[in-house]
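One structure is given here, and the rest of the page talks about it.
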Amino acid sequence: MKSEPDVYSIADLQRDGHTCWDGVRNYQARNFMRDEMRLGDEILFYHSNAQPMGISGVAKVVREAYPDHTAWDKKHHHYDPKASPDNPLWQMVDIRLERIFAQPLALDALRKVPELKGMELLRKGSRLSVQPVRASEFDTVLKLACKKTK
DNA sequence: GCCAACGTTGGC
DNA sequence: GCCAACGTTGGC
């Protein structure tokens, strides 16, 4: 899952403990949350438009997809006139912080890792804010995070 | 700030 | 259903 730290950072998640991932307004990203994310699934938390850009930690799904009520809140930044309580349109999951990496794994460093060659995050033009990660990629990322701490 | 790579919208 | 115009994302 991607987030701009100016908007919501992993430090914010640490402060809050858990949060609802509202504001996703892309169908593909919504579908991944709705159809693929299950209770207990682990999430890589990515900082975009940041210094440094990269994976900053791990979170966990603590509630499966349910309607994103901010979609029909006129005052909300992510308001969508097509959404309503009867037709929620957009969904969100709740996540909880698991750990923050001692050193974030920078995007340019990740690009140099052969095992991550096929990772969606590293694909040119990849813009999905919620995207799948292969188990092997997840393991590789965790190993890199471990190595960096030493 | 630039711009490539998207996704969405709406006229036809 | 096509596609041009437009808006957004996000690395650089």
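The analysis underlying the following values was restricted to heavy atoms, covering all of them including side chains, and did not include hydrogens, waters or symmetry mates. To find a chain, count down the sequence lines: A is the first, B the second, and so on, and within it residues start at 1.
Taking the six-membered ring for Trp and thresholds of 30 and 60 degrees, Trp90(A) and Tyr27(A) have ring planes inclined between 30 and 60 degrees apart.
Nearest-nucleotide mapping onto DNA chain B: of Asn49(A) and Gly125(A), the residue sitting toward the 5' end is Asn49(A).
Atom pair Glu120(A):CD and dA5(B):P shows a separation of 15 Å (rounding to whole Å applied). For Leu122(A) and dA5(B), the CG to C1' distance is 16 Å, given to the nearest whole Å. When the P atom of dA5(B) is taken as reference, atom CG of Asn26(A) falls 18 Å away, rounded to whole Å. Rounded to a whole Å, the CD atom of Gln28(A) is 15 Å from the P atom of dT9(C). Between Leu128(A) atom CG and dT8(B) atom P the separation is 10 Å, expressed in whole Å. Here dG10(C) presents its P atom at 12 Å from CG of Leu107(A), a figure rounded to the nearest Å. Between Arg25(A) atom CZ and dT9(B) atom P there is a gap of 13 Å when expressed in whole angstrom units. Taking atom CD of residue Gln131(A) and atom P of nucleotide dT9(C), one finds them 15 Å apart after rounding to whole Å.
Of the candidates dG10(C), dA5(B), dT8(B), dG10(C) carries the atom nearest the Lys2(A) side chain, counting heavy atoms from C-beta on. Listed nucleotides dG11(C), dC6(B), dA4(B) differ in distance to Lys124(A); the shortest reach to its side chain belongs to dA4(B). Comparing atom distances between the Ser48(A) side chain and each of dT8(B), dG10(C), dC6(B) picks out dG10(C) as nearest. Side-chain proximity of Lys82(A) to dG10(C), dT9(B), dC12(C): nearest is dT9(B).
The existence of a salt bridge linking Lys60(A) and Glu42(A) is excluded, since no basic side-chain nitrogen approaches an acidic carboxylate oxygen closer than 4.0 Å. Ionic pairing of Arg38(A) and Asp41(A) is not present here: no N-O contact between side-chain nitrogen and carboxylate oxygen is shorter than 4.0 angstrom. At a threshold of 4.0 Å, the pair Asp68(A)-Arg25(A) counts as salt-bridged, since one of the basic side-chain nitrogens sits closer than that to a carboxylate oxygen.
Contact annotation for Arg123(A): backbone-only contact, meaning every heavy-atom pair under 4.0 Å involves sugar-phosphate atoms and none involves a base.
At the phosphate of dG11(C), OP1 or OP2 sits under 4.0 Å from a side-chain N or O atom of Tyr46(A).
A cation-pi contact, defined as under 6.0 Å to the ring centre and within 45° of the axis, links Arg63(A) to Tyr66(A).
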